[in-house]
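First the structure, in the form of structure tokens, and then the observations on it.
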Amino acid sequence: MNVDIGNALASVASPGASRDSLERLDEQVADAHERIVAGMENAEHGYEALNLPERTDPDEIRAAVEPVADSEALITVGIGGSALGAATITDALASESDTEAVYLDNVDPAWVSNHLERLPLEETAINVVSRSGTTAETLANFLVVRDAFEAAGVDWTERTIVTTGESGPLRNLADRHDLPSLKVPDGVPGRFSALSAVGMVAAAVCGHDLEALLAGAAAERESLTGSLFDCPAYAYGATAYALDQRGAGINAMVPYAESLETFAEWFAQLWAESLGKDDLGQTPARALGVTDQHSQLQLYRAGQRDKLVTFVSPGETDDRPIPDTDVDELAYLGDSTLGELLEAEFEATEASLAAAGRPNVRLELETVDEYELGGLLYGMEAACVLAGELYGVNTFEQPAVEWAKKATRGLLGGGDFEEADAVAEKTELRIGR
Ligand SMILES: O=P(O)(O)OC[C@H]1O[C@H](O)[C@H](O)[C@@H](O)[C@@H]1O
């Protein structure tokens, strides 16, 4: 991964960071890097995620999925960090296998039912993922999926893989039914677990090259040094932080590839849950090039000066020529391909923001394959850990989310949680019927 921060400099954009201010920030980056390296060496909670390229064992993952390797579909039941990493990987990568990857990361009943009714359950595998083993949405969906398999006369115990922590309800269930199971590595929060079994079981069933994913991540790990001017991941994390400090409180992630749309969702969780605490943090927004040039670009170029736009350039992709036409006004298109049109629109949009003095950063891939994607995921995780150090927040916890989880359980009668009382205490000023 390369990172180009030129359009975030104060000489181009406002808000922008001057070269001098980045030099000064680099001293903090050096200190943060020392802290990060110590955390990695001591396998501290969270920092341990940056050791995954060496820790994850592709053979173990492939062995666990062996019994369902030739399934027509794989239903991953998980939410947040237990779904988005896997979905990012299988959505981004082309595969020769025909396995359809489906993610049940919502409890919308009609949507869940639609999936269960249309999939060939006797040829479908189930991948249940929950670090805690207690998340209500995941366990509820799993019970629903199991029930659908039973109703269709399919033995779900023959078709289920479990990835969870060392103990908990899901671990007990896996043991009781003797299901193939993998462990969420210790010290790795869900949103940092894409490069473990959590993110890679689906990739294995879909036939992706797990070693290449890890090699791309390992190369990014090698590039972690004590200076933002030498390390693409830190350059991104430090620049995003510096711009937030200067008023760019929103970070719009804009990949120029359909296949990377889920990556923007994954990034949004990483950035929001890790940095959004102590009244700090930069709000992630999601957009897609070129589609959202025609819906959001107006705001990004001419709205409030509160945004950083992060582009992801996918590099080389499959291409398709645009056929010639005898309509004079469209003749110029006939000399191009769709890929060239996409690239031209990307360059034009980037330039349009810079020309209007709007900060933007470019993340460049050579192409979208396992190696590059592994590097991108790792790079963004390292950027986020660095940003967390610079903000001085606890990057690896999410107490605000836990609050809502407890309130939900309380409402459903799953225990006595004082958080649930807040629901009854809602202030109302209702207009309408
Ligand atoms: O993996 P689980 O324990 O089921 O948790 C799934 C998700 O739950 C919560 O929403 C947390 O805030 C997320 O960070 C986590 O990824």
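Along the sequence shown, the residues carry numbers beginning at 1. Note that ligands are numbered from 1 as they come in the structure, with each ligand's atoms numbered from 1 the same way. Values reported hereafter were calculated over all heavy atoms of this structure, with side chains retained and with hydrogens, waters and symmetry mates removed.
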If we number the atoms of ligand 1 from 1 as shown, the ones under 4.0 Å from a heavy atom of S130 are 1 (O), 2 (P), 3 (O), 4 (O)
Under 4.0 Å between heavy atoms, the region of Q398 that gets near ligand 1 turns out to be side chain
TODO: Please determine, by modelled atom types, if D31 and Q28 share a side-chain donor-acceptor pair under 3.5 angstrom.
DONE: no
| query | Under a 4.0 Å N-O cut-off, is there an ion pair linking R35 with E44? | reply | yes
Within 4.0 Å of some non-hydrogen atom of I79, the atoms of ligand 1 are 6 (C), 7 (C), 16 (O)
the protein heavy atom lying closest to atom 8 (O) of ligand 1 turns out to be K405 NZ, 3.0 Å
* Measure up the F263 and F267 rings against each other and bin them: parallel (under 30°), tilted (30 to 60°), perpendicular (over 60°). => tilted
Per-pair distances, 0.1 Å, donor-acceptor, side chain in residues 203-219, under 3.5 Å, sequence neighbours excluded:
residue	atom	partner	partner atom	Å
D209	OD1	E211	N	3.2
D209	OD1	A212	N	3.0
E211	OE1	R62	NH1	3.2
E211	OE2	R62	NH2	2.8

The answer for which part of E402 has a heavy atom under 4.0 Å from ligand 1 is neither
What class does the angle between the rings of W271 and Y236 fall in, given that below 30° is parallel, 30 to 60° is tilted and above 60° is perpendicular?
-> tilted
Polar contact flag for T138 and ligand 1 (N/O pairs, less than 3.5 Å): no
among protein heavy atoms, the one nearest atom 5 (O) of ligand 1 is T135 OG1, 3.4 Å
Exercise. Between R131 and ligand 1, does any nitrogen or oxygen pair lie at a separation below 3.5 Å?
Worked result: yes
Counting from 1 in the order shown, the ligand 1 atoms closer than 4.0 Å to a non-hydrogen atom of S132 are 2 (P), 3 (O), 4 (O)
Handout entry: E48 with R55: basic N within carboxylate O range, under 4.0 Å
Key = yes
Q: Examine the side chains of T134 and S132 and answer whether a donor and an acceptor come within less than 3.5 Å of each other.
A: yes
Numbered in order shown, the ligand 1 atoms found under 4.0 Å of a heavy atom of Q269 are 13 (C), 14 (O), 16 (O)
Taken in chain and number order and not counting sequence neighbours, the residues that satisfy side chain to side chain contact (heavy atoms under 4.5 Å, CB included) with D306 are I250, Q304
(request) Would you check the N or O atoms of G81, main chain and side chain alike, for any that come under 3.5 Å of an N or O of ligand 1? (result) yes
Ranked by distance from atom 10 (O) of ligand 1, the top protein heavy atom is V401 CG1, 3.3 Å
shortest atom 12 (O) of ligand 1-to-protein heavy-atom contact is with E273 OE2, 2.5 Å
Please verify the inter-ring angle class for F346 with Y256; under 30° counts as parallel, over 60° as perpendicular, anything in between as tilted. tilted
